[in-house]
Protein chains: 2
Amino acid sequence: MLKVTLKKIAATLGVSTATVSKALKDYPDISEKTKKKVKSLAASLNYKPNSFAQSLRNQESKIIGLIIPTIVHHFFSNIIYGVIDSASEHGYLVITLQSNESYEDEKNKINLLIEKNVDGILLSLSDKTVNYKHINRLIDDGVPVVLYDKISRSVNCSKVIINDFAAAFNATQYLIDTGCKKIAHIRGPLKPQTTIDRFMGYKKALEVNNILFDDSLVYVSDSLSFENGYNIAPKIINDHTDVDAIFSFTDLVATGVLIRFKELGILVPEQISIIGFSNWFLSKITSPTLSTVDQPGYEMGRKAFTLLYNELNQIRNGEPIKHEIVEIATKVIPRNSTKPI
Amino acid sequence: MLKVTLKKIAATLGVSTATVSKALKDYPDISEKTKKKVKSLAASLNYKPNSFAQSLRNQESKIIGLIIPTIVHHFFSNIIYGVIDSASEHGYLVITLQSNESYEDEKNKINLLIEKNVDGILLSLSDKTVNYKHINRLIDDGVPVVLYDKISRSVNCSKVIINDFAAAFNATQYLIDTGCKKIAHIRGPLKPQTTIDRFMGYKKALEVNNILFDDSLVYVSDSLSFENGYNIAPKIINDHTDVDAIFSFTDLVATGVLIRFKELGILVPEQISIIGFSNWFLSKITSPTLSTVDQPGYEMGRKAFTLLYNELNQIRNGEPIKHEIVEIATKVIPRNSTKPI
DNA sequence: ATAATTTCCGAAATCGTTTTCGGTTGTCTT
DNA sequence: AAGACAACCGAAAACGATTTCGGAAATTAT
């Protein structure tokens, strides 16, 4: 396959490359007649502009970078899907990279993307990221960055989040509405804002309902795994014989608890109610099915790209860059691991 | 952020850009002294070569394309993970696109990748693809293509597959070994080679064990969904009161059957055994847990990239291109939806 | 018929890197 | 001291597309 270039078209038509380029882009200073000629030849030769040359010239790649903490994960899969979908619709492609919840990886992967001259980056902070210099440097360098899901208040950029506080509040309130009074919380890793907010929402719901907050009812799951729930479950019932509900920061851990309870002969929700978080696919097929909070990954992915796209356009038009912070709505999904209201 | 270019380094050092370029790449015709100078300045200025210029000059992007039928899918998530992991290790980045199991989308997405001048493409055929001209054209044009998972015999390129036939044979044989005699099969969409092979493996196992093949025991699930299994389950027991096992082409559908059976009061595995396919995460947490066949997506992803990488190197070195077909091993994972052996 | 506009096209610079092919120095032989 | 040979470096031509600026031709106005 010999490449079709502007030069070749120009040569066979006896005009200059400038004319060909302008004809294809409908410049007003090219006659209709030549435009017709050029366009038809280009079409029949199946001319495709060389993207490297275009990028070099226009200083944009039409590629964005997406950094995901963990790819194999239902919620994040949906994020990827949403981002790619929305990006395609606007003529952008997406390079995906995984940070493995590691600060070092996060930095390295950002560098890889920058070296490839991506036009912008979509980023969810790793659990271990507590220092935001690498991101602020990016932004100072003029690279548009949009944070999604796991964000930090100390980075000044556009963000897409769910209102974790409100979502956790609602989940806890729901448990209370079904008659639960002694509610344990399995919280996630300490650093991410999401798990902090979920914890605070839980606490607030107790407060509003005049239930005394008891620190010993809060269990920390340092990572997101089935096994963690499986192992924490017996601790909870050993520590507190009268617990009647558990709010877990994520479905996967809640599922671990569910399975362990089943093995231990504890009835859910009769003895203990369980509510998870994220509405993973698996929550629909556990037995009993798992009540949870819907966390719409696809929507978040789409919105994250949209915000980035807006900034890209602002930059192109020389407008001032407006950062936006968007909250995606969540809702409690009652299933069978909680009592009817 | 003003860009650091070769020209700028050259200017401040009073040498030519050629010298700078060669110094950074350790050309032998540059003195150690200048190399030191150049390298240290480049480092302190944090020089990053412009990838567009490099690509334009070297005719390679160091980016590959990955087309996935469905991103939100446990198996394919693992594929993505494996590809990205392996690619990063070799200095390649990955643009991921989704074909939505649509032939048109598949063609369009391939075009997008080609327009971005990716160095190669990893592709799993959509269920609806029955015409391979678009892929053969690619290959004829010199774009390295590696097919993974859903492949076609009529495309001449490297491929990574699991031995679906053997895997299905083993799964069926396993059911027989546990004493099952009347085994239904839920097969997938008719076109993909994978589901054909699984069907054939099932059939062969019956034959080898002198069990008469009964066409009415084969049910077609036109798509991969929980609901399909949920709906097919009652049909099976209505059509055949004496069925004692089901081999489903995928875990998700098997799970649908499982849940429906539970609702219908049919005991698994006492009355009917079920074995799925793919070892989705969810198969570990159904109740009973689902016996299945492990289908290592991560390994496949890695291998697929490796094959592409090999071809890329062959091209670069002007060697003849050797296509390779790799089969990834699978194994039956016995859990509690089948009887002990 | 001459002047004033349009209309249309092309030369050339640019984006940043790579690499060939010479050309300068300086060193080493005799 | 002249020639031979290394050792170093740079000019310049790619890679393709874009866009400014100016110039020639064709049209209109006077």
Side-chain angles (χ1 to χ4, degrees), chain A residues 1-39 41-42 45-63 91 114-119 142 316 318, chain B residues 1-39 41-42 45-63 91 114-119 142 316 318:
Chain A
M1 56 143 186
L2 47 174
K3 298 245 161 74
V4 186
T5 67
L6 286 188
K7 204 188 292 185
K8 227 160 269 174
I9 296 181
T12 69
L13 246 40
V15 297
S16 74
T17 63
T19 303
V20 177
S21 174
K22 286 193 282 193
L24 290 174
K25 299 180 107 72
D26 270 327
Y27 271 56
D29 64 343
I30 300 293
S31 71
E32 281 307 320
K33 206 194 299 175
T34 24
K35 279 185 191 172
K36 283 259 156 43
K37 274 199 315 186
V38 170
K39 283 181 181 172
L41 182 61
L45 258 49
N46 193 26
Y47 167 75
K48 299 268 164 64
N50 181 306
S51 69
F52 302 144
Q54 283 184 317
S55 294
L56 180 59
R57 174 69 218 221
N58 303 334
Q59 313 279 23
E60 63 170 7
S61 59
K62 292 279 183 182
I63 296 179
I114 292 303
E115 284 170 20
K116 269 281 174 296
N117 293 283
V118 296
D119 292 340
R316 186 170 347 192
Chain B
M1 55 142 187
L2 45 172
K3 299 245 162 71
V4 186
T5 67
L6 287 187
K7 204 188 292 184
K8 225 160 270 173
I9 296 181
T12 68
L13 247 38
V15 295
S16 74
T17 63
T19 303
V20 176
S21 175
K22 286 193 282 192
L24 290 174
K25 298 180 109 69
D26 271 328
Y27 270 54
D29 65 341
I30 301 292
S31 71
E32 280 307 320
K33 206 193 298 175
T34 23
K35 280 185 190 172
K36 284 258 155 47
K37 273 199 318 188
V38 170
K39 284 181 181 173
L41 182 60
L45 257 49
N46 193 26
Y47 166 75
K48 298 268 163 64
N50 181 307
S51 69
F52 303 144
Q54 284 183 316
S55 293
L56 179 58
R57 173 70 216 217
N58 303 334
Q59 311 280 23
E60 63 169 9
S61 58
K62 292 278 181 182
I63 295 179
I114 293 304
E115 283 169 21
K116 269 282 176 296
N117 291 285
V118 296
D119 292 338
R316 187 173 345 199

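Residue numbers begin at 1 in each chain, while the letters A, B, ... track the order of the sequences.
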May I have the step-by-step check of side-chain hydrogen bond (donor to acceptor under 3.5 Å, both in side chains) for B/Asn117 and B/Ser61, ending in yes or no? CA-CA 7 Å; B/Asn117 291 285; B/Ser61 58; over 6 Å; no
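In this structure, NZ of A/Lys3 is placed 11 Å from P of D/dC15, rounded to the nearest angstrom. Spacing between atom CG of B/Asn50 and atom C1' of C/dT18 amounts to 13 Å, rounded to whole angstrom units. Regarding A/Leu6, its CG atom lies at a distance of 13 Å from the C1' atom of D/dT19, rounded to whole Å. Rounded to whole Å, the distance from CG on A/Leu13 to P on C/dG10 is 10 Å. Between the P atom of D/dA26 and the CD atom of A/Glu32 lies a distance of 19 Å, rounded to the nearest Å. Rounding to whole angstrom units, CG of residue A/Leu56 and P of C/dT18 are separated by 12 Å. Atom CD in B/Gln59 sits roughly 12 Å away from atom P in C/dT19 (whole-Å rounding). Atom NZ in A/Lys25 sits roughly 17 Å away from atom P in D/dG16 (whole-Å rounding).
For A/Thr19, no side-chain nitrogen or oxygen approaches OP1 or OP2 of C/dC8 to under 4.0 Å. Between A/Ser31 and C/dC9 there is a side-chain N or O to OP1 or OP2 distance below 4.0 Å. A sub-4.0 Å separation between OP1 or OP2 of D/dG10 and a side-chain N or O of B/Tyr27 is absent. OP1 or OP2 of D/dC9 has not a single side-chain nitrogen or oxygen of B/Lys22 nearer than 4.0 Å. Between D/dT18 and A/Ser21, a contact under 4.0 Å exists linking OP1 or OP2 to a side-chain N or O. Phosphate proximity of C/dG16 to B/Gln54: absent, as no side-chain N or O sits under 4.0 Å from OP1 or OP2. Using a 4.0 Å cut-off, no side-chain N or O of B/Thr34 falls inside it from OP1 or OP2 of D/dC8.
No more than 12 heavy atoms of other residues, nucleotides or ligands shown are found within 6.0 angstrom of NZ on A/Lys36.
Along DNA chain C, the nucleotide nearest to A/Pro28 and the one nearest to A/Ala18 differ in position, and the one closer to the 5' end is contacted by A/Pro28. Residue order along DNA chain D, read from the 5' end via each residue's closest nucleotide, puts B/Val20 first among A/Lys7 and B/Val20. Residue A/Lys35 is the one, among A/Lys35 and B/Arg57, whose nearest nucleotide of DNA chain C lies closer to the 5' end (criterion: closest heavy atom).
Using a 4.5 Å heavy-atom cutoff, the side chains of A/Gln54 and A/Lys62 are not in contact.
For the side-chain contact (heavy atoms from CB on, under 4.5 Å) criterion with B/Leu24, the lone passing option out of B/Val38, B/Thr19, B/Ile30 is B/Val38.
Contact of A/Lys48 with D/dG16 (side chain to base): no donor-acceptor pair of N or O atoms is detected under 3.5 Å. Judged by distance alone, with hydrogens and angles left aside, A/Asp29 brings no side-chain donor or acceptor close enough to the base of C/dC8 to form a pair under 3.5 Å. For a distance-only test at 3.5 Å, the side chain of B/Lys8 fails to qualify as a donor-acceptor partner of the base of C/dG16.
A distance of 9.0 Å separates NZ of B/Lys116 from CD1 of B/Ile63, quoted to the nearest 0.5 Å. With rounding to the nearest 0.5 angstrom, the CG atom of B/Asn50 is 7.5 Å from the NZ atom of B/Lys3.
Comparing atom distances between the B/Thr5 side chain and each of C/dT17, C/dC15, D/dA17 picks out C/dT17 as nearest.
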